[in-house]
Trainee: 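Below are the structure tokens for one structure; questions will follow.
Order of the sequence lines fixes the chain letters, A, B, ..., with proteins taken first and strands second; residue numbering starts at 1 for each chain.
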There are 2 protein chains.
Amino acid sequence: MLSNRTVSVLKWGRCEAYTAVYPKVPDRVLNFYPLPSLSSPHRNLSLFPAAQREHLHQKMSENGALPRGGKVLTVDTMNANVKKVDYAVRGPIVQRAVQIEKELKEGVKKPFEEVIKANIGDAHAMGQRPITFFRQVMALCTYPQLLDDNKFPEDAKNRARRILQSCGGNSIGAYTTSQGIECVRHDVANYIQRRDGGIPSDPDNIYLTTGASDGIVTILKLLTAGEGRTRTGVMISIPQYPLYSASIAELGAVQVNYYLNEEKCWSLDISELQRSLQAAREHCNPRVLCIINPGNPTGQVQSRQCIEDVIQFAAKENLFLMADEVYQDNVYAEGCEFHSFKKVLFEMGPEYSSKVELVSFHSTSKCYMGECGFRGGYMEVINMDPEVKAQLTKLVSVRLCPPAPGQALMDLVVNSPKPGEPSYQTFMMERTAILSALAEKAKLTEEILNTVPGIRCNPVQGAMYSFPCITLPERAINEAKAKGQAPDMFYCMKLLEETGICLVPGSGFGQREGTYHFRMTILPPTDKLKILLNKLKEFHQKFTQQYS
Amino acid sequence: MLSNRTVSVLKWGRCEAYTAVYPKVPDRVLNFYPLPSLSSPHRNLSLFPAAQREHLHQKMSENGALPRGGKVLTVDTMNANVKKVDYAVRGPIVQRAVQIEKELKEGVKKPFEEVIKANIGDAHAMGQRPITFFRQVMALCTYPQLLDDNKFPEDAKNRARRILQSCGGNSIGAYTTSQGIECVRHDVANYIQRRDGGIPSDPDNIYLTTGASDGIVTILKLLTAGEGRTRTGVMISIPQYPLYSASIAELGAVQVNYYLNEEKCWSLDISELQRSLQAAREHCNPRVLCIINPGNPTGQVQSRQCIEDVIQFAAKENLFLMADEVYQDNVYAEGCEFHSFKKVLFEMGPEYSSKVELVSFHSTSKCYMGECGFRGGYMEVINMDPEVKAQLTKLVSVRLCPPAPGQALMDLVVNSPKPGEPSYQTFMMERTAILSALAEKAKLTEEILNTVPGIRCNPVQGAMYSFPCITLPERAINEAKAKGQAPDMFYCMKLLEETGICLVPGSGFGQREGTYHFRMTILPPTDKLKILLNKLKEFHQKFTQQYS
């Protein structure tokens, strides 16, 4: 209960403690607080129960009557959707890893010399070298005086000249058109057409983006509408890449989970899509189906048949398809092959290709180039309503343009050296070396992990991650719960503290109730990866004993 | 009225036209449509009145009952806030300018040879050369093999080495931390401290951004909360830079206008802030005050006194301050000087410096460097609630990181060559040349425009724009209105068609009812600018005669 004094203050804003700072607290502020609900023993706004505090704060701020020193922006008065956002890939475990690195630098003794970050698909950070040709062209675009330097091959110079000619003032320092540099969009369209066996691609349907993330968020933004039962539902795979759950939370859309089949190598069952959709229709308006292929964090590669079934399902159920295909060059397993949703859609004939709305996303950050820092990407929009497309173009224009260097780099990815060009051999050598090393590491990871009792790892068919299932002893689970931690977070934190290995708990991606996983990239150099995997094996055995 | 047949269709989904495509139209779809409201003479969903269509579409999509070929995503079912977004700087007039350029290329005869784009602050596109030192360092960061090249000065190499050392795997192709490369944030903090006469700046309060726009939208996002009368109101100057109105619309916040005083050289009157705030409190919860200094589109530079008054006002009224200071080096007028909000805030003493929440924004796109394409920027957050700051850090982590090249470039802007370093002289020469040319063009623009009867132009004290007031004949105004066009849009369109000059109508920035303006950049090369201004003079006289 508040003292009468405080009540009278809230009511009339009289006593010195308050009159000084509350020029006027209107009665209607108090009307929100019939006495019984004034349960805080303190006058301090921040100590009221959140619900009351939020109202009280808002009402007072409406009247410019906030206490001096009180923040305008607090967790109680900020965007509630932002609070719901969660992004495990850079969550607490990574923050702790960064701390530990600092501690090591400061000479703090640890049972290990270095932190190995296998939490994020960041190839260069793991020691992968950039593709020479790409960086040569980028240097030429950045500092055109180098065009006179004979150390640079002619094909690199030609690419640079072509890109610069389509930039305002021949400078990548100029804004580009909002949709992206025209010649780059043409090159992207040609690349897609080649990739998809001649199925045409229209440069007007290409939007260059700030990494794939930017495109995905932009399309989800367009799709988010309605309130309550009519609010847009977005179907995402579980496990998922947390950009999706985070963006859905931020936009206030409804996350609709469909579970991948771990027993069948993380494949996608239409029956599960159906179940998920029907359940969702009870409480929201599911309009979007998101697919990640090759899979992140699960590393599966979808069969052509599966993609056809998904498209059929989307057509039947009137769902807008979003195909995250940033790992399209990362396919390792025997008998697996990348099939683009666009290609399969058009091979299914006009009944589908003229109807199904599809957006496909690609990026400079993954595959063999791993140029994450440049934030390059594109999306191709197919069968989008022309009026909506105009709205999309308008929306992206507000941020002016994606980074020009990222656009230029995207151009090189889709327009890499051709046979006969001076840089072709080196380029192919570098590309092949990276991709075959990844294939080797994918196999290595699966094999070693599966030798550990209590770890079950599906084949890493593609992408850059393994997502093994781990068996945790009951006692560990209880100790974690007692700590208010997800059991696999508890496991990963212990792993980090004891071995310096930084992984992401499965709970950050979603998993079936009662199962536990972690995501581990296959990106560390082979020798380091072996060390990592054996340390992990050792740790898991120790952990299991300790809690059995 | 719909034919009974159609009604029965909507009710039972029976007749062939519909049964084929509506597997089941549930009764509750129809319940939304008591017969009287079924006023469309057509069955085509898209021809129903929007309100009905939206409901009908949603209800049917809830039941997977949309007609085959009907889009999932239409303007009726998309994000309504996005539809409200408007961004004049790249609006219809610019789209038309791009068309005209294509027509010219195709040899279409026009009364002019080229389109002069004075619509956007895009220095390089207007022929400004990049700063040599910046591009040298960027080339070195991009292609480190050049570090062995003796054509590059040592200070450039040192900057590049330092940046690369703080990148994962020494590559700008690696993701950086979400808040931005640590050494860059330190350099930014040191720059601010130097700029503000020693007032300390904490690198932990620096967030690197994808251009200033990205930072501004992110902060507005945090601040947007509440519903109806408690919805966040954002106070922006009129005229404003349309990024603000666009972001406010997209976030569904409430735009609160305060008018700059055109008679007093676009100065800011506190009495007008007070009026605007009081009016807004009747219908929303105004919590944010946005200031652009030097002004865009209005080119004024705020006095120290004015800034102090604004801060006092924000403190008294509990407003969160956003200071857009991207033009901080663009000050031309005698007796004008840039004062940062941060500096003035701290000079006002602890009562203010410990309380007022302030975020200041800067960018690589303006000032003397004009590197728009790199999308580099930073923001400094001051007195932000620590819990909110944690939320901000989490939020930016979802997009992983700003483009690394933009971050590196931002570093060079805040850590440019120092006296004694090999690149210092060239750098200063280039910098001074650009800034004094801008000063000259600012004066030139004001002078020539003010010789035109019917055009009144305030001094361009800073930034890159003039925003003159134009008198339009009654007949022109009526003809525009008859066309459903804003009169100044009508004027600018005619100007574009007849002279090839591309300006942005004042209506795109906001202006007092019944006044008309346009925004023109001062960026074209001096000789071209003179031609532009004289063509404009001629056009205005002709236009005035034609419609008098």
Side-chain angles (χ1 to χ4, degrees), chain A residues 58 61-62 64 66 69 71-75 77-79 82 85 87 90 122 124-125 127 130 135-136 138-139 142-143 168-169 171-175 178 213 221-226 230 246 281 285 287 317-318 320 355 357 371-373 375 385 387-388 391 395 397-399 403-406, chain B residues 58 61-62 64 66 69 71-75 77-79 82 85 87 90 122 124-125 127 130 135-136 138-139 142-143 168-169 171-175 178 213 221-226 230 246 281 285 287 317-318 320 355 357 371-373 375 385 387-388 391 395 397-399 403-406:
Chain A
Q58 272 167 355
S61 117
E62 275 169 51
L66 280 176
K71 300 284 185 193
V72 176
L73 184 60
T74 69
V75 281
T77 63
M78 70 178 278
N79 185 325
V82 170
V85 167
Y87 189 68
R90 292 203 160 180
D122 190 357
H124 291 196
R135 292 305 190 91
Q136 286 175 326
M138 292 310 298
T142 306
Y143 190 54
S171 168
I172 56 167
Y175 288 121
S178 307
S213 307
K221 191 180 289 169
L222 288 179
L223 280 154
T224 302
T230 67
R281 284 195 172 135
N285 177 12
R287 309 168 66 195
E317 301 294 354
N318 293 289
F320 187 107
K355 172 192 176 188
E357 293 152 84
E371 294 278 13
C372 311
R375 316 305 297 119
D385 179 284
E387 288 178 283
V388 175
Q391 292 286 333
L395 181 61
S397 77
V398 177
R399 300 291 196 89
Chain B
Q58 273 167 355
S61 117
E62 274 167 52
L66 280 176
K71 300 285 184 193
V72 176
L73 183 60
T74 69
V75 280
T77 63
M78 70 179 279
N79 187 324
V82 170
V85 168
Y87 189 68
R90 292 204 159 179
D122 191 355
H124 291 197
R135 293 305 190 90
Q136 286 175 326
M138 293 309 298
T142 306
Y143 190 54
S171 168
I172 56 167
Y175 289 121
S178 306
S213 308
K221 191 181 287 170
L222 288 178
L223 280 155
T224 301
T230 67
R281 285 195 172 135
N285 177 11
R287 308 168 66 194
E317 302 293 353
N318 294 289
F320 187 107
K355 172 191 175 186
E357 294 151 85
E371 294 279 11
C372 311
R375 314 306 297 122
D385 180 282
E387 288 177 283
V388 175
Q391 292 285 332
L395 181 62
S397 77
V398 176
R399 300 292 196 89

Trainee: Of all of Ser397(B), Ser213(B), Ala404(B), which one pairs up most often with chain A through heavy atoms under 4.5 Å apart?
Mentor: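 The option with the most such pairs is Ser397(B).
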Trainee: Can you tell which of Cys372(A), Gly406(A), Gly169(A), Ala125(A) has the highest number of heavy-atom pairs within less than 4.5 Å of chain B?
Mentor: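 Ranked by heavy-atom pairs under 4.5 Å with chain B, first place is Cys372(A).
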Trainee: Rounded to the nearest 0.5 Å, how far apart are CD1 of Ile172(B) and CE of Met138(B)?
Mentor: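 Between Ile172(B) CD1 and Met138(B) CE, I get 5.0 Å after rounding to 0.5 Å.
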Trainee: Would you say the side chain of Leu222(A) lies within less than 4.5 Å of the side chain of Asn79(B), judging by non-hydrogen atoms?
Mentor: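 No, their side chains stay 4.5 Å or more apart.
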Trainee: Counting heavy-atom pairs under 4.5 Å to chain B, which of Gln391(A), Glu371(A), Glu387(A), Gln136(A) comes out on top?
Mentor: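 Of Gln391(A), Glu371(A), Glu387(A), Gln136(A), Gln391(A) has the most heavy-atom pairs under 4.5 Å with chain B.
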Trainee: So for Arg135(B), is it side chain, backbone, both, or neither that comes closer than 4.5 Å to the heavy atoms of chain A?
Mentor: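 Both parts, backbone and side chain.
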Trainee: Under a 4.0 Å threshold between the charged nitrogen and the carboxylate oxygen, would Glu317(A) count as salt-bridged to Arg287(A)?
Mentor: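 Looking at Arg287(A) and Glu317(A), the cut-off is not met.
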Trainee: Which one wins on heavy-atom pair count under 4.5 Å against chain B: Ala174(A), Ala246(A), Pro405(A), Ser171(A)?
Mentor: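 Most heavy-atom pairs within the cutoff with chain B belong to Ala174(A).
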Trainee: How long is the gap from CG on Asp385(A) to OG1 on Thr74(B), to the nearest 0.5 Å?
Mentor: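 Asp385(A) atom CG to Thr74(B) atom OG1 measures 6.5 Å (nearest 0.5 Å).
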Trainee: So what's closer than 4.5 Å to chain B heavy atoms on Glu357(A): side chain, backbone, both or neither?
Mentor: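 Side chain of Glu357(A) only, per the 4.5 Å heavy-atom cut-off to chain B.
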Trainee: Under 4.5 Å between any side-chain heavy atoms of Leu395(B) and Lys221(B), yes or no?
Mentor: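 Contact flag for Leu395(B)/Lys221(B) side chains = yes.
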